[in-house]
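The structure presented is a predicted model; accordingly, all values stated were derived computationally and were not measured.
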Amino acid sequence: METKYEVLLTSDSSGMVCNMTAWDHTTGSSLHQFKGNTTSPNTACMVGRDYVLSAPPDKPLLNVWQVNRSEQSPLRLFTPGPVSAMTVSPSGHYLVAAVQENINIWQVGTGALLGVVTRHYQPVTVLQFTGDSSHLLSGGADGQVLVWPLVLCVARRSLPGQERGQVGQVQPRYTWTDHGLPVTGIVVGHGPAHGARVITCSLDMTVKVYTMVTGQMLLSVSFTSSITAVTMDNMETTVYAGTKTGEIHSFSLLSPPRDVSVTADSLGGVATWAAHTGQVTGLSLAMDGVTLASGGLDSVVHLWDTPSGQVVRSLPHKEGVTHVQFIATPSAMLDHDRWSPARKLVSLQKGANQEVFTCAVLNRTDLVGEEDWMRDDTPQGSVVEGKDREEEHTVQELKQINNQLYKFAMKNVLSS
């Protein structure tokens with residue numbers, strides 16, 4: 001088990017045996033199980049390498065697990081409503097959850113609600129971060145894909161060079177409205193946001209490729225069935241798309257056509273695999289790009305050999321698969337005693353207070369004291385009185401300095 005560099009994380013909608021399972025995709029054996037409740041599509045995510053989070057379909061409460069335990073954590077993370085999409089920034093500092101068309105952004109370490117942004121007209125269906133955690137991408141049932149600069153979403157005041165706007169009315173960096181039906185998948189390429197490529201898919205039977213450099217659409221491929229899942233290899237050369245009828249299509253990005261909008265038949269080199277008897281709900285590629293995992297409503301996860309296009313192994317589930325993802329194996333999953341979290345999860349703030357700004361300043365004496373340096377026990381009246389005394393003391397100092405300057409000037413004038 002020490003040689004397992006990555007594991008396959010899956011979940012189904014039954015919750016009978018467990019919520020999520022970590023598989024060894026090379027042998028098909030179950031390595032670890034996360035129990036309790038169920039997981040909605042597009043909500044499972046990891047906080048660093050320490051915690052696994054997901055959202056149930058009908059409750060305003062998140063599922064929380066330590067990676068080294070099967071039972072849920074006693075920590076209760078409440079949300080404003082049932083979550084339709086959720087993600088955590090690659091840095092592990094921000095938790096983003098969509099409730100209907102509202103996108104809520106929390107700081108993981110403090111639980112503070114940093115902002116709520118909304119520009120979608122219908123519920124948000126998918127959320128993704130760029131690799132450098134600087135931008136958030138949201139896709140909705142209204143067909144829009146919005147690119148949000150995170151710094152604008154969490155800013156408490158207007159930034160230099162930015163127009164003043166109302167709280168919650170952040171302007172997206174890019175607004176892509178090329179899809180005509182709900183967006184079902186978003187994949188962001190590697191690297192910083194300003195040079196990344198974005199792959200989107202929708203029920204309108206298209207897969208689209210955008211660039212974050214200019215926000216332009218580079219390619220649009222039309223198929224004959226609604227696209228319900230999409231993924232891309234680490235080299236960003238091949239795109240895999242799952243359909244509502246159960247097929248998986250793949251096409252290369254190495255030889256783009258002259259036209260921006262093309263059909264799959266005219267593109268050439270499109271491979272089609274068929275093994276699912278129901279809608280494909282999730283796709284994920286292993287690190288080496290040789291193994292593709294696909295989950296479907298037919299209650300099975302197939303493992304494909306991408307060079308040959310053959311199914312090498314199938315993992316049965318109780319009901320329809322809601323999540324499929326290859327992840328780097330957390331060390332604490334292999335050795336439960338090695339769990340040493342890099343961050344602490346706390347309860348989520350229910351409402352944003354934009355009028356109060358707090359800043360904690362650390363001194364060396366603060367670290368050795370027994371008192372809580374984040375707590376301010378000073379009464380409000382004492383704060384006002386202390387401020388008045390400080391201002392009075394400053395005025396007296398200024399009077400003394402002016403008096404000394406006057407005497408010095410008069411002495412020099414008279415002596416000359």
Side-chain angles (χ1 to χ4, degrees), residues 6-46 51-59 61-67 69-73 82-88 97 125-127 184-185 201 203 226-231 240-248 273-286 291-304 311-327 329-330 333:
E6 62 180 335
V7 295
L8 177 64
L9 199 63
T10 67
S11 67
D12 60 36
S13 57
S14 69
M16 294 174 60
V17 178
C18 62
N19 189 316
M20 283 192 281
T21 304
W23 303 85
D24 178 4
H25 67 280
T26 59
T27 63
S29 59
S30 173
L31 302 178
H32 192 80
Q33 292 182 338
F34 299 99
K35 300 179 179 179
N37 222 323
T38 57
T39 294
S40 296
N42 298 323
T43 62
C45 50
M46 291 195 65
Y51 298 93
V52 177
L53 302 181
S54 72
D58 54 356
K59 297 179 181 178
L61 178 67
L62 302 184
N63 303 317
V64 184
W65 297 273
Q66 295 178 190
V67 294
R69 296 184 181 275
S70 297
E71 303 299 330
Q72 286 202 31
S73 170
V83 174
S84 58
M86 185 170 67
T87 187
V88 174
T125 55
V126 59
L127 293 169
T184 54
C201 67
L203 295 180
S226 298
I227 307 299
T228 54
V230 69
T231 191
Y240 299 86
T243 66
K244 199 170 185 177
T245 55
E247 292 90 4
I248 298 175
W273 306 335
H276 289 283
T277 58
Q279 172 182 320
V280 177
T281 57
L283 294 173
S284 182
L285 271 167
T291 303
L292 172 70
S294 64
L297 291 182
D298 54 358
S299 308
V300 65
V301 172
H302 291 307
L303 299 176
W304 303 79
V311 175
V312 296
R313 187 168 287 104
S314 296
L315 306 175
H317 288 66
K318 297 297 181 182
E319 288 187 10
V321 178
T322 58
H323 182 71
V324 176
Q325 181 185 8
F326 279 102
I327 62 171
T329 309
M333 188 179 290

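- From His25, atom NE2 reaches atom CD of Glu6 across 5.0 Å, with rounding to the nearest 0.5 Å.
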Which is it for Val67 and Val52 under the side chain to side chain contact (heavy atoms under 4.5 Å, CB included) test, yes or no, and what are the steps along the way? CA-CA 6 Å; Val67 294; Val52 177; 4.0 Å; yes
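- Considering OG of Ser14 and CD of Glu319, their distance stands at 5.0 Å, rounded to 0.5 Å.
- The local environment of CZ in Arg69 is sparse, with at most 12 non-hydrogen atoms from other residues, nucleotides or ligands closer than 6.0 Å.
- Looking at heavy atoms from C-beta onward, Val301 lies out of side-chain contact with Trp23 at the 4.5 angstrom threshold.
- Taking the side chain as every heavy atom from C-beta outward, Asn63 and Pro56 approach each other to under 4.5 Å.
- Side-chain contact between Ser299 and Asp12 is absent, with no heavy-atom pair separated by less than 4.5 Å.
- Donor-acceptor pairing under 3.5 Å is lacking for the side chains of Thr322 and Ser13.
- Looking at Leu303 and Leu8, their side chains come closer than 4.5 Å, going by heavy atoms from C-beta outward.
- Gln33 places no side-chain N or O within 3.5 Å of a backbone atom of Cys18 that could act as its donor or acceptor partner.
- Using a 4.5 Å heavy-atom cutoff, the side chains of Ile327 and Val7 are in contact.
- Contact of the Met46 side chain with the Tyr51 side chain is not registered, since no non-hydrogen atoms from C-beta on lie closer than 4.5 Å.
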Could you please spell out the steps behind the side chain to side chain contact (heavy atoms under 4.5 Å, CB included) verdict for Val126 and Thr184? CA-CA 7 Å; Val126 59; Thr184 54; over 6 Å; no
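- Proximity of a side-chain donor or acceptor of Thr38 to a complementary backbone N or O of Gly15 within less than 3.5 Å is not detected.
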Residue pair Thr231, Ser284: steps toward the side chain to side chain donor-acceptor pair (under 3.5 Å) verdict: CA-CA 6 Å; Thr231 191; Ser284 182; 5.6 Å; no
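- Ring orientation note: the planes of Trp304 and Trp273 are close to parallel, at an angle under 30° on the 30°/60° scale.
- Here the side chains of Thr243 and Ile248 are not in contact, with every heavy-atom distance at 4.5 Å or above.
- One distance of note links OG1 of Thr21 with NZ of Lys35; it measures 10.0 Å at 0.5 Å rounding.
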Before giving the answer on side chain to side chain donor-acceptor pair (under 3.5 Å), spell out for Ser11 and Asn19 the whole-Å C-alpha distance, their side-chain angles and the decisive distance to 0.1 Å. CA-CA 6 Å; Ser11 67; Asn19 189 316; 5.0 Å; no
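- The closest side-chain heavy-atom distance from Met20 to Ser54 is below 4.5 Å.
- Rounding to the nearest 0.5 angstrom, the gap separating the OG1 atom in Thr43 from the NE2 atom in His323 is 8.0 Å.
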